[in-house]
Amino acid sequence: MLKEYKSIKEVVGPLMLVEGVEGVKYYELVEIEQKNGEIRQGRVLEVNEDRAMVQLFEGSQGLQISSSKCRFLGHGIELAVSEDMLGRVFSGLGTPIDGGPDIIAEARRDINGEPLNPASRDYPSEFIQTGISAIDGLNTLVRGQKLPIFSGSGLPHSQLAAQIARQAKVLGSDSKFAVVFGAIGITYEEAEFFISDFRKTGAIERTVLFMNLANDPAIERIATPRMALTAAEYLAYEKGMHVLVILTDITNYAEALREVSAARKEVPGRRGYPGYLYTDLASMYERAGRIKGNSGSITQIPILTMPEDDKTHPIPDLTGYITEGQIILSRDLHRSGIEPPINVLPSLSRLKDKGIGKDKTREDHADTMNQLFAAYARGKEAKELAVILGEGALSDTDKKFAKFADEFETRYVSQGYETNRSIEDTLALGWELLDILPKSELKRIREEYIEKYLPSLVGKGDE
């Protein structure tokens, strides 16, 4: 029998103070029953001797504390998990919102998860094909990696997220592939876009969606990514699936964390965010990975919008420390009509070398990747020089590099949001572009690969 308390002392905003409590734990769920039978929920944020600070999920408006009863449920927020979650849409707190029946739980899991023993982690090493050349060819995603997308306000990260969710697959694997999509603090229009896109393309059959809208409570915003990760852990480690987790938008999550921190009157850190922002983000990002002896895995793509396009803002800055690289979207490329506007030069996948090469993608992948990076960087420099000094100041070779940079952006990076390129298509396109340059400039590719793959030389050895 759960003990009831009638000792609610005060309510300030979404916070409520209960006195005279016994045996209460952090993050324990709480029910507040009013005189008319209405029940609201909350969770314990802080415990000090016999006083508990409770955060209400639905807010405190209209709450009559003198006649309300408070029950502590003895457990944290839990998610009912089952393989039947695939193809379903849930609220940020795990309630079905697609008109379908409730999930018959195979198990219930605490959304805060259990820490992984670092010694049991397996190293990410398998290539995931997203069908997007700027990622597959140059900033390769590897199974078990966490690779965030840094975007800006108004940039098309939603379309990119939907494209990755539709197209991603692990090559040469018989294991089932699933996508868990967690939307945090998005608008109703964005939610409709994701749901209708997944339904239209059939991708929803392998997808679990958690939708937290902008008008939902801040506490739900904090729970949503953990709901998504809990579902992913069940599908990966209990059902042996390769699971791709896409979380958008982490900035909305951090804003909710700041709101809760301010309500608790905590000492603020950088830009008003709590000092534990790094630890809190790490507790989510580090739930990606592979476990030795388990066929399942969790690969994570968190998406965040950088306030004022500032990479040094605390959210992208701390995210960059925890994760294994970043994909950066460029406002200039977006204005130029490049879709998706991925800026490959500052983008980075720290594990790309582990997922490419012979028997994974193709033997020439690493060499062509390095050559494309170098040629694009030199082409950008040549174009900047032409702006300052005029095209007449460029050598013939510089003009070819400038042409390469333009072709690279319009043909390689820009492919739209519907095109799904195989890794062979991406590598072949890279070689076509490298053929613009003099063969003597291909200094980062082994001669045997040039003879084998460069379009202008292919077949000449047989003549």
Side-chain angles (χ1 to χ4, degrees), residues 7-21 23-30 32 40-61 63 65 70 72 76-77 92 110-113 115 146 148 150 153 184-185 212 214 216-227 229 247 249-287 302 304-323:
S7 50
I8 302 171
K9 285 302 170 194
E10 62 176 315
V11 175
V12 180
L15 300 182
M16 180 178 83
L17 182 66
V18 187
E19 292 188 342
V21 300
V24 172
K25 304 188 290 288
Y26 277 88
Y27 298 136
E28 190 173 333
L29 269 185
V30 183
I32 302 97
R40 301 194 192 189
Q41 287 193 314
R43 69 168 183 172
V44 177
L45 276 186
E46 202 172 305
V47 181
N48 188 358
E49 294 177 354
D50 67 341
R51 295 152 65 97
M53 180 76 77
V54 175
Q55 178 164 30
L56 301 168
F57 291 167
E58 298 99 334
S60 57
Q61 194 170 0
L63 189 67
I65 61 173
C70 189
F72 294 86
I77 305 175
D110 188 314
I111 66 164
N112 292 303
K146 37 198 185 291
F150 289 4
S153 180
I184 308 159
N212 165 259
D216 289 328
I219 187 71
E220 184 175 316
R221 203 122 49 249
I222 293 170
T224 302
R226 292 181 167 81
M227 287 276 173
L229 288 162
L247 302 173
D249 177 345
I250 295 296
T251 301
N252 294 336
Y253 170 84
E255 297 289 347
L257 206 63
R258 179 164 67 175
E259 187 182 323
V260 171
S261 175
R264 292 169 68 180
K265 296 183 171 59
E266 293 174 337
V267 177
R270 288 166 62 192
R271 301 211 189 179
Y273 293 96
Y276 50 81
L277 179 62
Y278 178 91
T279 316
D280 194 276
L281 290 173
S283 72
M284 291 194 308
Y285 296 150
E286 291 297 342
R287 288 170 77 171
L304 55 93
T305 48
M306 300 178 288
E308 299 168 7
D309 293 2
D310 179 13
K311 279 188 289 189
T312 67
H313 186 277
I315 305 167
D317 187 33
L318 297 176
T319 295
Y321 280 118
I322 304 163
T323 55

Is the number of heavy atoms from other residues, nucleotides or ligands within 6.0 Å of OH (Y276) greater than 12? yes
Check side chain to side chain contact (heavy atoms under 4.5 Å, CB included) between T323 and all other residues, then give those that pass, not counting sequence neighbours. K146, P148, Y285, T319
In short, G92 meets E220 closest at the heavy-atom pair N-OE2, 3.2 Å
Residues two or more places apart in sequence or in another chain: which of them pass side-chain hydrogen bond (donor to acceptor under 3.5 Å, both in side chains) with R287? T230, E233
With sequence neighbours left out, the residues meeting ring pair (Phe, Tyr, Trp, His ring centres under 6.0 Å) with Y253 are none
Can you check whether N212's main-chain N or O pairs, donor with acceptor, with R221's side chain at less than 3.5 Å? no
Salt bridge (charged side-chain N to carboxylate O under 4.0 Å, His left out) with R226: which residues, sequence neighbours excluded? D280
When rounded to the nearest 0.5 angstrom, what is the spacing between CG in L56 and CG in L15? 7.5 Å
Side chain proximity check, L63 to M16, heavy atoms < 4.5 angstrom: yes
To the nearest 0.5 Å, what is the distance between CG on L229 and CD on E286? 11.5 Å
I32 side, atom CD1; Q41 side, atom CD - distance, nearest 0.5 Å: 8.0 Å
Looking at side-chain heavy atoms only, is the closest gap between V21 and V44 below 4.5 Å? no
Please report the interatomic distance CG(L281) to CD1(I250), rounded to the nearest 0.5 Å. 7.0 Å
May I have the list of side-chain donor-acceptor pairs in residues 308-318 shorter than 3.5 Å, sequence neighbours left out?
| residue | atom | partner | partner atom | Å |
| --- | --- | --- | --- | --- |
| D309 | OD1 | R331 | NH2 | 3.0 |
| D309 | OD2 | R331 | NE | 2.7 |
| D309 | OD2 | R331 | NH2 | 3.3 |
| D310 | OD1 | T312 | N | 2.9 |
| D310 | OD1 | T312 | OG1 | 2.6 |
| D310 | OD2 | R271 | NH2 | 3.1 |
| D310 | OD2 | T312 | OG1 | 3.1 |
| H313 | ND1 | I315 | N | 3.3 |
| D317 | OD2 | R270 | NH1 | 3.2 |
| D317 | OD2 | R270 | NH2 | 3.3 |

Please, which pairs that meet salt bridge (Lys or Arg N to Asp or Glu O under 4.0 Å) have at least one residue in residues 8-21, sequence neighbours excluded? E19-R51
Mind checking salt bridge (charged side-chain N to carboxylate O under 4.0 Å, His left out) for E255 and listing every partner two or more places apart, or none if nothing turns up? R258
Value rounded to 0.5 Å, distance of CD1 in I65 from SG in C70: 11.5 Å
Please check: side-chain N/O of E28 versus main-chain N/O of K25, any donor-acceptor pairing under 3.5 Å? yes
For T224, what residues pass the side-chain hydrogen bond (donor to acceptor under 3.5 Å, both in side chains) criterion, not counting sequence neighbours? none
Check the pair I77, Y27 against side chain to side chain contact (heavy atoms under 4.5 Å, CB included), reporting the backbone distance first and the verdict last. CA-CA 8 Å; I77 305 175; Y27 298 136; over 6 Å; no
With sequence neighbours left out, what residues match Y321 under side-chain hydrogen bond (donor to acceptor under 3.5 Å, both in side chains)? none
Who are the side-chain hydrogen bond (donor to acceptor under 3.5 Å, both in side chains) partners of T251, not counting sequence neighbours? D249
Distance check, rounded to the nearest 0.5 Å: I184 atom CD1 versus M227 atom CE? 12.5 Å
Residue pair F57 / R43, side-chain heavy-atom distance below 4.5 Å: yes
Restricting to non-hydrogen atoms, name the atom on V47 and the atom on V24 that form the minimum distance, rounded to 0.1 Å. CG2-O, 3.9 Å
